[in-house]
Amino acid sequence: QAQLVESGGGLVQAGGSLRLSCAASGRTFNSYAMGWFRQTPGKERVFVAAISKSGGNINYVDSVKGRFTISRDNAKNTVYLQMNSLKPEDTAVYYCAARSTYYSETYYVKEHDYDSWGQGTQVTVSS
């Protein structure tokens with residue numbers, strides 16, 4: 001399993017931007033498909049974005065399309081989530097997740113598809 005550490009969360013005004021980073025250690029990073037999820041108090045953790053291990057395939061939840069961008073740098077063992085035009089409803093704890101996979105172009109959107117998780121980073125968007 002990968003060890004994942006998120007960073008980059010914080011407090012930002014509506015309309016602002018943040019970039020989350022997730023650094024991975026353990027097995028070879030480019031054997032993992034990666035994802036971002038978020039969770040608000042009292043609610044389940046939900047899918048935000050996913051990227052295949054090649055970086056060639058990407059998926060987003062509809063509510064963030066056009067505002068968030070997921071990317072990865074396999075040389076730095078890091079996956080990113082660039083978040084622009086932030087809204088108060090984006091406020092959540094954001095989690096990075098990894099899934100070891102044979103398939104280069106497959107991404108995963110369900111929580112149970114992933115086998116490694118970071119500790120989470122808080123993102124707060126004020127109105």
Side-chain angles (χ1 to χ4, degrees):
Q1 290 188 341
Q3 290 76 50
L4 306 174
V5 178
E6 301 100 335
S7 61
L11 173 64
V12 64
Q13 288 188 333
S17 297
L18 285 174
R19 187 176 81 156
L20 305 183
S21 299
C22 173
S25 60
R27 287 184 58 190
T28 306
F29 180 70
N30 60 11
S31 69
Y32 295 109
M34 302 296 295
W36 287 96
F37 289 72
R38 64 188 180 187
Q39 187 173 27
T40 53
K43 295 189 177 181
E44 294 183 350
R45 193 155 50 184
V46 297
F47 170 75
V48 176
I51 187 166
S52 62
K53 70 177 186 180
S54 74
N57 277 339
I58 289 172
N59 194 27
Y60 300 95
V61 67
D62 285 348
S63 61
V64 308
K65 286 180 179 177
R67 301 188 299 121
F68 290 12
T69 302
I70 188 172
S71 62
R72 65 188 297 158
D73 185 338
N74 286 349
K76 295 183 178 180
N77 289 2
T78 302
V79 64
Y80 304 97
L81 186 67
Q82 177 67 43
M83 305 186 295
N84 298 330
S85 302
L86 282 160
K87 304 175 180 180
E89 51 263 44
D90 295 318
T91 296
V93 177
Y94 282 73
Y95 295 91
C96 170
R99 154 76 181 255
S100 180
T101 180
Y102 172 81
Y103 302 103
S104 296
E105 303 304 333
T106 301
Y107 55 75
Y108 301 90
V109 300
K110 296 189 183 298
E111 186 176 1
H112 66 252
D113 287 328
Y114 290 89
D115 45 38
S116 299
W117 292 86
Q119 81 289 351
T121 186
Q122 176 70 47
V123 171
T124 303
V125 184
S126 64
S127 57

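Numbering of residues begins at 1 and proceeds along the displayed sequence. If you're wondering where the values come from, they're calculated on a predicted model, not measured in any experiment.
Panel note: side chain S104, backbone S54; no donor-acceptor pair is recorded below 3.5 Å.
Across Y32 and A2, no two heavy atoms sit closer than the pair OH-N, 3.3 Å. For the residue pair E105 and G56, the shortest heavy atom distance occurs at OE1-CA, 3.7 Å. Contact record, C22 with M34: SG-CE, 4.3 Å, taken as the closest heavy-atom pair. Annotation for L11 and S126: closest pair CD1-CB, 4.4 Å, computed over non-hydrogen atoms. The minimum heavy-atom distance linking V79 with C96 is given by the pair CG1-SG, 3.9 Å. The nearest pair of heavy atoms linking N77 to N74 is OD1-O, 3.2 Å.
Residues Y107 and V46 do not share a hydrophobic cluster, defined by chaining ILVMFWY side chains whose heavy atoms lie under 4.5 Å apart.
At a cut-off of 3.5 Å, with distance as the only test, no side-chain donor of R99 or Y114 sits close to an acceptor on the other residue.
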Notebook entry, point to check: Would Y108 and T101 satisfy side chain to side chain donor-acceptor pair (under 3.5 Å), going step by step from the backbone distance to the final call?
Noted result: CA-CA 10 Å; Y108 301 90; T101 180; 2.9 Å; yes
Next item on the list: List the steps and the verdict of side-chain contact (heavy atoms from CB on, under 4.5 Å) for L18 and V123.
Entry: CA-CA 9 Å; L18 285 174; V123 171; 3.9 Å; yes
Checklist line | Step-by-step side-chain contact (heavy atoms from CB on, under 4.5 Å) determination, T121 to Y94 | finding: CA-CA 5 Å; T121 186; Y94 282 73; 4.2 Å; yes
Margin query: Test side-chain contact (heavy atoms from CB on, under 4.5 Å) on T91 and T40; report intermediate values, then the result.
Written below: CA-CA 7 Å; T91 296; T40 53; 5.8 Å; no
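Residues D90 and R67 have side chains in contact (heavy-atom distance under 4.5 Å, counting atoms from C-beta outward). In this structure, the side chains of Y60 and T69 come closer than 4.5 Å at one or more pairs of heavy atoms. Side-chain contact check for W36 versus F68: every heavy-atom pair is 4.5 Å or farther apart. Put simply, the side chain of N59 reaches to within 4.5 Å of the side chain of F47, judged on heavy atoms.
Interatomic distance, CG of L4 versus OG of S25, reported as 7.5 Å (0.5 Å rounding).
A cation-pi contact, defined as under 6.0 Å to the ring centre and within 45° of the axis, links R72 to F29.
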Identify each donor-acceptor pair in which a side-chain atom of residues 80-89 lies under 3.5 Å from a protein atom, sequence neighbours left out, and give them as a table.
from : atom 1 : to  : atom 2 : distance (Å)
Q82  : NE2    : N84 : OD1    : 2.9
N84  : OD1    : S17 : OG     : 2.9

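Environment of CD in E44: sparse, with no more than 12 heavy atoms of neighbouring residues, nucleotides or ligands closer than 6.0 Å.
Taking the six-membered ring for Trp and thresholds of 30 and 60 degrees, Y95 and W117 have ring planes more than 60 degrees apart, a perpendicular arrangement.
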